[in-house]
*Asks:* 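I am attaching a structure below and will ask some questions about it afterwards.
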Amino acid sequence: MSVVLVTGASSGIGAAIAIAFAENGWDVMAAGRDEGRLEEVADVSERIVTWAGELASSEDCEELVADTIDEFGEIDCLVNNAGIIIRGNAADTSDDDWRATMTVNLDVPFFLSRAALPYVLRAEGSIVNIASDWGLRGGERAVAYCASKGGLVLLTKAMARDHAREGLRVNAICPGDVDTPMLAAEAEAAGMDIDDYMEEASESVPNGRVAEPEEVAALALFLASDAATHINGTTVAIDGGGGA
Ligand code: NAP
């Protein structure tokens with residue numbers, strides 16, 4: 001039995017990751033906030049167990065890890081996927097927007113990685129962090145988001161170096177635009193029709209389209225698998241040729 005803990009599993013990429021792992025024989029702890037959408041994900045496979053709650057403090061993260069151990073007895077892979085974006089350049093990003101972004105996108109992955117460390121080490125397993133192409137090359141009007149995702153990329157590399165000889169692997173996925181509710185919210189925030197927004201986003205990608213969440217999930221599954229045992233401390237862009 002292999003066990004994966006996935007955050008942000010109630011929506012978009014996280015839901016696709018939870019389902020992909022379950023369909024490939026993993027037992028899944030699917031964490032999110034929206035209980036209704038979590039249940040829809042759990043309906044896909046009886047291997048998926050849900051955990052609903054806000055993740056912000058180290059205590060929240062320790063509770064989620066403890067509940068996962070109570071449920072399954074082990075954690076072979078942690079997927080730090082939950083994330084938010086609050087748009088703003090340096091002039092118009094408030095203290096609250098900065099802190100909220102850092103909390104979800106960087107504090108929580110660190111707190112969860114630390115809490116899960118004894119278990120993923122025992123399993124000689126892995127951690128997969130869902131960062132962003134904007135964590136590699138930056139983006140417009142998203143200073144907090146870019147800084148948080150850049151931090152997540154280097155948390156990945158630092159932890160990989162520290163724990164490689166103990167058998168743990170830590171990798172990051174850096175997607176470009178992916179067709180999820182986050183992208184729909186971006187369209188709404190920009191005051192754009194979703195179809196126009198998707199067309200514009202697709203045109204900016206060399207491959208001519210945005211990614212599907214299932215494509216990111218397939219990469220996460222590969223990075224967690226035994227086929228990837230020599231892949232460690234790396235960032236894999238999935239951006240249709242965007243060059244991140
Ligand atoms: P999404 O559809 O908006 O889903 C975000 C998930 O994070 C939801 O499950 C949400 O839970 C959860 N979440 C947010 N804040 C939380 C908190 N405080 N505590 C617990 N859970 C929280 O986003 P997505 O597009 O799938 O994005 C997933 C990851 O991919 C994010 O880290 C994002 O930055 C990254 N990414 C996305 C894109 C893209 O174009 N979509 C591109 C690059 C990177 P509830 O819905 O239950 O509230």
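Both backbone and side-chain heavy atoms feed into the values below; hydrogens, waters and symmetry mates do not. Every number for a ligand or one of its atoms is a count from 1 in the order of the listing.
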*Asks:* Look at the side chain of Asp67 and the backbone N and O of Leu64, then say whether any donor-acceptor pair between them is shorter than 3.5 Å.
*Replies:* no
*Asks:* Tell me, do His163 and Val120 make a side-chain contact under 4.5 Å, heavy atoms counted?
*Replies:* no
*Asks:* Give me the residue, atom name and distance of the protein heavy atom closest to atom 12 (C) of ligand 1.
*Replies:* Gly8 CA, 3.8 Å
*Asks:* So is Tyr145 close enough to ligand 1, meaning a heavy atom under 4.0 angstrom away?
*Replies:*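 It does, in that a heavy atom of Tyr145 comes within the 4.0 Å cut-off of ligand 1.
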*Asks:* Going by distance only, is there an N or O of Asp133 that falls short of 3.5 Å from an N or O of ligand 1?
*Replies:* no
*Asks:* Have a look at Ile173, Val216, Val6, Thr180 and point out the one with the heavy atom closest to atom 41 (N) of ligand 1.
*Replies:*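 The option holding the nearest heavy atom is Thr180.
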*Asks:* For atom 9 (O) of ligand 1, what's the nearest protein heavy atom and its distance?
*Replies:* Ser10 OG, 2.7 Å
*Asks:* Which ligand 1 atoms are under 4.0 Å away from a heavy-atom of Lys149?
*Replies:* 31 (C), 32 (O), 33 (C), 34 (O)
*Asks:* So which heavy atom in the protein is nearest atom 28 (C) of ligand 1, and how far is it from that ligand atom?
*Replies:* Asn81 OD1, 3.2 Å
*Asks:* Note the single closest protein heavy atom to atom 23 (O) of ligand 1, along with its residue, its atom name and the distance in Å.
*Replies:*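 The closest heavy atom on the protein side is Met182 CB, 3.5 Å.
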*Asks:* So which heavy atom in the protein is nearest atom 40 (O) of ligand 1, and how far is it from that ligand atom?
*Replies:* Val178 N, 2.7 Å
*Asks:* Is it true that, when you exclude Glu212 itself, more than 12 heavy atoms of the residues, nucleotides or ligands shown sit nearer than 6.0 Å to its CD?
*Replies:*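 Correct, the count exceeds 12.
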*Asks:* With a 6.0 Å cut-off (strictly less than), is the heavy-atom count around OH of Tyr197, excluding the residue itself, greater than 12?
*Replies:* yes
*Asks:* One residue to check: Val104. Relative to ligand 1, which of side chain, backbone, both or neither has a non-hydrogen atom less than 4.0 Å away?
*Replies:* side chain
*Asks:* Does the residue Ala185 have a heavy-atom contact with ligand 1, meaning some pair of atoms that are separated by less than 4.0 Å?
*Replies:*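 False for this residue.
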*Asks:* Taking the side chain as every heavy atom from C-beta outward, state whether Phe111 and Asp60 have any pair of such atoms under 4.5 Å apart.
*Replies:* no
*Asks:* Name the one of Val41, Val4, Val6, Leu38 that satisfies side chain to side chain contact (heavy atoms under 4.5 Å, CB included) with Ile48?
*Replies:* Val41
*Asks:* Below 4.0 angstrom from a heavy atom of Asp34, which ligand 1 atoms are there? Numbered from 1 as shown, please.
*Replies:* 47 (O)
*Asks:* Within ligand 1, which atoms have a heavy atom of Gly12 less than 4.0 Å away?
*Replies:*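 Those of ligand 1 that fall under 4.0 Å from Gly12 are 2 (O), 26 (O).
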*Asks:* Between ligand 1 and Cys174, can you find any atom pair, the residue atom being a heavy atom, that is separated by under 4.0 Å?
*Replies:*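 So Cys174 does not count as touching ligand 1.
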*Asks:* Tell me, yes or no, whether the heavy-atom count around Glu166 atom CD, taken from other residues, nucleotides or ligands under 6.0 Å, exceeds 12.
*Replies:*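 Atom CD in Glu166 is packed in, count exceeds 12.
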*Asks:* Using a 4.0 Å cut-off to any heavy atom of Glu54, which atoms of ligand 1 qualify?
*Replies:* 17 (C), 18 (N), 19 (N)
*Asks:* Considering only heavy atoms of Pro181, which atoms of ligand 1 have at least one such atom less than 4.0 Å away?
*Replies:* 2 (O)
*Asks:* Return the residue, atom name and 0.1 Å-rounded distance of the protein heavy atom closest to atom 14 (C) of ligand 1.
*Replies:*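 Protein heavy atom with the smallest distance to atom 14 (C) of ligand 1: Arg33 NH2, 3.5 Å.
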*Asks:* Using the side chain to side chain contact (heavy atoms under 4.5 Å, CB included) rule, pick out the option among Ile127, Leu55, Ile130 that qualifies with Asn80.
*Replies:* Ile127
*Asks:* Between Gly53 and ligand 1, is there a nitrogen or oxygen pair with a distance under 3.5 Å?
*Replies:*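 In fact, backbone or side chain, Gly53 has no N or O that close.
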*Asks:* Give me the residue, atom name and distance of the protein heavy atom closest to atom 46 (O) of ligand 1.
*Replies:*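 Among all protein heavy atoms, the one nearest atom 46 (O) of ligand 1 is Arg37 NH1, 3.0 Å.
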*Asks:* Taking only heavy atoms of Ile130, which atoms of ligand 1 are found under 4.0 Å from at least one of them?
*Replies:* 29 (C), 30 (O), 32 (O), 35 (C)
*Asks:* Please check whether Ile13 reaches ligand 1 - meaning an N/O of the residue sits under 3.5 Å from an N/O of the ligand, judged on distance alone.
*Replies:*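 Ile13 vs ligand 1: N/O contact under 3.5 Å present.
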*Asks:* Hey, which atoms in ligand 1 end up nearer than 4.0 Å to a heavy atom of Ser132?
*Replies:* 43 (C), 44 (C)
*Asks:* Answer whether the closest heavy-atom distance between the side chains of Glu214 and Ile19 falls below 4.5 Å.
*Replies:*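 They are not in contact (no side-chain heavy atoms under 4.5 Å apart), so the answer is no.
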*Asks:* Considering only non-hydrogen protein atoms, determine which one is nearest to atom 44 (C) of ligand 1 and report residue, atom name and distance to 0.1 Å.
*Replies:*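 Minimum-distance protein heavy atom for atom 44 (C) of ligand 1 reads Ala131 O, 3.2 Å.
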*Asks:* Between Asp95 and Arg99, is the closest basic N to carboxylate O distance under 4.0 Å?
*Replies:*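 The answer is no: the pair does not qualify as a salt bridge.
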*Asks:* Hey, which atoms in ligand 1 end up nearer than 4.0 Å to a heavy atom of Ile84?
*Replies:* 14 (C), 15 (N)
*Asks:* Tell me, with the steps shown, if Thr235 and Thr156 meet side chain to side chain contact (heavy atoms under 4.5 Å, CB included).
*Replies:* CA-CA 8 Å; Thr235 55; Thr156 302; 5.6 Å; no
*Asks:* Determine whether any heavy atom of Ala15 lies closer than 4.0 Å to an atom of ligand 1.
*Replies:* no
